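Order of the sequence lines sets the chain letters (A, B, ...), proteins ahead of strands, with each chain counted from 1. The figures here come from the full heavy-atom set of this structure, side chains too, leaving out hydrogens, waters and symmetry mates. Since the structure is predicted, the reported quantities are computational estimates derived from the model, not experimental observations.
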Number of protein chains: 4
Amino acid sequence: MDNWREFGTDELTPPLRAALGVFARHGYHGASIRTIAEAAGLSVPGLYHHYRSKQAILAALVDAAMAEMLTHTAAAAEDAGDSPATRFANIVECLARFHMARRDHAFVASTEMRSMDPDVRAHHISQRDAQQTMIEDAIRAGVDAGDFTCRHPEDAARAIASLCVSIASWYRPGGPLTADDVVARHLGYARAMVGATEA
Amino acid sequence: MDNWREFGTDELTPPLRAALGVFARHGYHGASIRTIAEAAGLSVPGLYHHYRSKQAILAALVDAAMAEMLTHTAAAAEDAGDSPATRFANIVECLARFHMARRDHAFVASTEMRSMDPDVRAHHISQRDAQQTMIEDAIRAGVDAGDFTCRHPEDAARAIASLCVSIASWYRPGGPLTADDVVARHLGYARAMVGATEA
Amino acid sequence: MDNWREFGTDELTPPLRAALGVFARHGYHGASIRTIAEAAGLSVPGLYHHYRSKQAILAALVDAAMAEMLTHTAAAAEDAGDSPATRFANIVECLARFHMARRDHAFVASTEMRSMDPDVRAHHISQRDAQQTMIEDAIRAGVDAGDFTCRHPEDAARAIASLCVSIASWYRPGGPLTADDVVARHLGYARAMVGATEA
Amino acid sequence: MDNWREFGTDELTPPLRAALGVFARHGYHGASIRTIAEAAGLSVPGLYHHYRSKQAILAALVDAAMAEMLTHTAAAAEDAGDSPATRFANIVECLARFHMARRDHAFVASTEMRSMDPDVRAHHISQRDAQQTMIEDAIRAGVDAGDFTCRHPEDAARAIASLCVSIASWYRPGGPLTADDVVARHLGYARAMVGATEA
DNA sequence: GATGAATGAGTCTTCATTCAT
DNA sequence: TATGAATGAAGACTCATTCAT
C-alpha cells in the first residue's frame with residue numbers, strides 16, 4: 001500500500017463499474033440487466049459472459065469494495081506505529097476518505113445487504129465486522145493507554161463506523177466542504193465520542 | 001402529545017403496515033403488489049381500492065413516518081422549556097427512541113429515497129430537513145448560551161441525525177442493549193460531538 | 001361410464017387442449033409458452049392465470065389423459081362379467097380405441113416422461129403401472145381358466161400395452177384403416193400373444 | 001458383417017456419442033449445444049468445427065443408427081438362406097438385439113422425428129420404411145410358403161417393428177431379463193402375430 | 001368493497017451461432 | 001482445432017395495473 005490516504009481510480013472491471021452506477025441510482029432490484037449491459041457498452045449475453053448472474057455482479061462489487069476498504073484501513077493502522085491514538089485517528093481518517101472516494105461502492109454495499117444471497121451476505125458481514133473490530137481494538141488500546149475514556153468500545157466502534165458510512169450519502173466532491181474539511185470534522189467527532197483526553 | 005418518550009402502536013392503516021414490512025424486507029422494487037396485498041390480507045384490486053398505486057403506498061408510508069417523527073421531536077423540544085441543553089438532549093433522545101420504536105419506518109424512509117417519485121421525494125426531503133433544522137437550532141442556541149462549543153452546527157446536526165438513523169439498522173428489541181441503554185449512550189455521543197461543557 | 005367404447009370430446013380445459021396440440025407437434029421443450037398461449041387465444045399472463053407453470057400444464061394434461069384411460073378400461077373390464085377372455089378382449093379393445101381417439105394425449109404422455117418433474121413422473125408411472133396390472137391380471141385369470149397359455153403374463157401385458165400405445169403414432173382417422181379394423185387386428189395380435197386357445 | 005447377433009461399441013464419433021446421451025436424457029430441444037460440447041469434452045466452437053449445427057448432429061446420429069440397423073438386419077436376413085420362417089425369425093431377433101444394444105440410438109431416432117428438418121426426417125422415414133419392408137417381405141414369403149397365415153402383412157410388420165422399438169424404452173442390461181430372454185419372448189410374440197403354423 | 005380474469009411490458013437468463021485470435 | 005468474447009432472438013415467468021362482475 002503506497003499511501004492509504006489516496007484513492008485513485010478503483011480497480012473494478014468495466015462491467016462492474018457500470019453496474020455500480022446503476023445499482024447506486026436505482027437499487028439492486030430497480031436495476032435491470034439490460035440497463036447494466038447498456039451502461040457497460042455490452043449486449044446482455046455479453047454481460048453474462050463475464051458474470052454468471054445479477055447476484056454475482058453484486059457479490060463481486062461488494063467484495064471488491066470491502067476488500068479495498070480493509071486493505072486501506074489496515075495500512076492506515078499499520079502506518080501509525082505504536083501510538084493507539086494515532087492508530088485510531090488514521091483508521092477514522094481512512095474510513096472517512098474511503099466513503100468520500102468510493103461513495104457508490106459504500107452506499108451500495110451497505111444498502112443492498114437485504115438483496116444479497118445468504119452466502120454473499122455472510123461474506124459481506126464478515127468483512128464489515130472485521131472493519132468494526134479494527135476500530136474497536138484501536139479504541140481498547142487507547143483506553144488501556146489512558147488516551148481514551150470510552151466505556152463501551154464496541155458500541156462506539158459501531159457508531160463511528162456508521163457515521164463514516166453516512167458520509168457517502170451526502171458528500172459530493174466539489175460541494176461546500178473539501179475532503180479535508182470532512183476528515184477534520186469527523187476526526188473531531190470520533191475523538192469526542194471515545195473521550196479522547198488530549199487535544 | 002401526551003408523552004413524546006412513548007411510541008405505541010403506529011397509526012398506519014393495515015395495508016400500509018403490511019406494505020411497510022414487505023418494503024423493509026425486500027425494498028421497494030423488490031416488493032410486488034401481490035406480496036403486499038397478500039400480507040395485508042387483501043386481493044390485489046382490493047389493495048388498489050385503498051391506494052392508487054405502489055408509489056402512493058410508499059408516499060403515504062413515508063409521510064406518516066416522518067410526520068410522526070416531527071410531531072414527537074417537536075413535543076420533545078417544547079417539553080424542554082428554556083434550557084437549550086435540555087432541548088438538545090430531548091430531541092436526541094426522541095430521535096433515538098423513534099428509530100428504535102419505528103425501525104422499519106425509518107429504514108424504509110431513508111433507504112427508498114431513490115425509489116420515490118420526484119414530488120414524493122421532495123416532500124420527504126423537506127420533512128427531513130425540518131428535522132435537521134430543529135437539531136441545528138438547538139445546537140446554535142446551546143452555543144449561544146455557552147453550553148456547547150460546536151463550531152459547525154449544521155454539520156454536527158447532520159452527523160447526529162445520521163447516527164440516530166443508523167440505530168434502526170442494528171437495534172433489536174430484546175437484544176443485549178435496552179432502549180434506555182441506547183438512549184444513554186447516544187446522548188453521550190451527541191453531547192460529546194457538540195462539545196457540551198457540563199458533565 | 002355410459003359406454004366405454006365411445007370417446008367423445010375430451011374434457012380438457014381450452015388452454016390444456018391448446019397445449020396438447022403444441023406439445024404433440026413440437027415436444028415439451030420445443031413448445032414455447034407464447035405458442036401455447038397463442039393457440040389458446042390467451043395472452044401469456046392470461047395462461048399463467050390458469051396454470052402455474054409450463055410443467056403444471058404438462059402434469060394436468062398427462063393426468064387427465066391417464067385418468068380417462070383408466071376409467072374407460074376399468075369400465076371395459078367391468079362390462080365383461082365373469083369371462084376372463086372377454087375381460088381381456090374388452091381391455092385391449094378399449095386401449096386400442098383410446099389410443100386412436102386420444103392420439104395426442106397418449107403420445108405426449110408416453111413421449112414426455114423425461115420432461116416431467118420427478119413427482120409428476122412418479123404419478124404418471126403409477127397410473128401406467130395400474131393400467132399394465134389390469135392387463136396382467138386379465139391374462140393371469142385367462143391362464144387360470146385355461147383360456148390362455150401365456151407363460152409370462154407380466155411381459156405379455158407390457159408388450160400388448162406397448163403395441164396399443166404405438167397405434168397413436170401412426171393411426172389417422174380417415175386413413176386406410178377404420179378404427180374397427182385396427183381394433184380387430186390388434187385383438188388378433190393380442191390373443192395370439194397370450195396363446196388364446198379358442199379360435 | 002461378421003456376426004449380425006453381435007453389437008460391439010458403436011462407431012459414433014466421440015461428439016456424436018456425447019450428443020446421443022444428452023438427446024436421450026433431455027430430448028433434442030431440451031439439449032443445449034453447450035451441454036453437448038461439455039459432454040464431448042470440447043469447446044462450443046470446437047463442436048461446431050465438427051458439425052455445422054445442432055440439426056446436423058441429430059441428422060448424423062440418426063442416420064448412423066438407422067444405417068447400422070439396416071446393415072445388421074440385412075445380414076440377418078441374408079444369413080437365413082432360403083427359409084422364409086428363418087429369415088423372419090432372424091430379422092426379428094436382430095431387431096430385438098439392436099434395440100437392446102442401441103437403446104439410446106433407437107429411442108432418439110424414433111422420438112425426435114418431430115425435431116428433424118424436413119429432409120432429415122424424409123431420409124429417416126425412408127430408412128425406417130426400408131426396415132419395415134424387409135419384415136413385410138419376409139412375412140409375405142412365409143405366407144406364400146405356407147409357414148404363416150397372416151392376413152395383413154403390412155400391418156403385422158408395423159406392429160412387430162413397433163414392438164421391437166418399444167423394447168428400448170424399458171430394457172436395461174443387468175435387469176431381470178437377459179437379452180436372450182427378451183429375444184426368445186419377442187420371437188414368440190412375432191411368430192404368434194403372423195400365425196406361424198409350426199411350433 | 002371484493003374478486004376472477006386479463007394484459008402489455010418487462011423481468012432474468014439461456015439459446016444456437018459466429019468470429020477474431 | 002481450441003479459445004474467449006460476443007450477439008439477436010427467444011426462453012419461462014412476473015410486473016403493476018385494470019375492468020367487468
**Prompt:** Given that A/Tyr28 and B/Gly41 both sit by DNA chain E, which one's nearest nucleotide is further toward the 5' end?
**Reply:**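 Nearer the 5' end of the strand: B/Gly41.
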**Residue whose nearest DNA chain E nucleotide is more 5′ - A/Arg52 or C/Leu47** =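 First, find each residue's nearest nucleotide; the 5'-ward one identifies C/Leu47.
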**Message:** Closest-nucleotide mapping onto DNA chain F: is B/Ala31 or A/Pro45 further toward the 5' terminus? I mean the 5' end.
**Reply:**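 Nearest-nucleotide comparison on DNA chain F picks A/Pro45.
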Across all strands shown, which nucleotide pairs with [N] by Watson-Crick or G-U wobble geometry, both distances under 3.5 Å?
| N | value |
| --- | --- |
| E/dT14 | F/dA9 |
| E/dG8 | F/dC15 |
| E/dA20 | F/dT3 |

If I take atom [atom1] in residue [X] and atom [atom2] in nucleotide [N], what distance separates them, rounded to the nearest angstrom?
| X | N | atom1 | atom2 | value |
| --- | --- | --- | --- | --- |
| C/His29 | E/dT14 | NE2 | P | 15 Å |
| A/Phe23 | E/dC12 | CZ | C1' | 12 Å |
| C/Leu42 | E/dA6 | CG | C1' | 9 Å |
| A/Ile33 | F/dT14 | CD1 | C1' | 16 Å |
| B/Glu38 | E/dA2 | CD | P | 16 Å |
| A/His49 | E/dT18 | NE2 | C1' | 13 Å |
| D/Tyr51 | E/dA16 | OH | C1' | 18 Å |
| B/Tyr48 | F/dT17 | OH | P | 3 Å |

**Prompt:** Tell me, do D/His124 and D/Met113 make a side-chain contact under 4.5 Å, heavy atoms counted?
**Reply:**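 A side-chain contact under 4.5 Å exists here.
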**Contact check, side chains of D/Leu58 and D/Val108, non-hydrogen atoms, under 4.5 Å** =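 D/Leu58 reaches D/Val108 side chain to side chain.
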**Asked** Does the side chain of C/Ser32 get closer than 4.0 angstrom to OP1 or OP2 of F/dA10 through an N or O atom?
**Response**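 C/Ser32 to F/dA10 OP1/OP2: no side-chain N or O under 4.0 Å.
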**N or O in side chain of A/Ser43 less than 4.0 angstrom from F/dA6 OP1/OP2** =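 A/Ser43 to F/dA6 OP1/OP2: no side-chain N or O under 4.0 Å.
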**Request:** Please check if the side chain of C/Glu112 supplies one atom and the backbone of C/Ala24 the other of a donor-acceptor pair under 3.5 Å.
**Result:**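 Answer holds: no.
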**Message:** Donor-acceptor check, side chain of B/Tyr28 to backbone of B/Thr111, threshold 3.5 angstrom: yes or no?
**Reply:**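 No; zero donor-acceptor contacts below 3.5 Å.
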**Item:** Sole residue of D/Asp10, D/Leu61, D/Asp104 in side chain to side chain contact (heavy atoms under 4.5 Å, CB included) with D/Arg17
**Value:**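 The single option meeting the side chain to side chain contact (heavy atoms under 4.5 Å, CB included) with D/Arg17 is D/Asp10.
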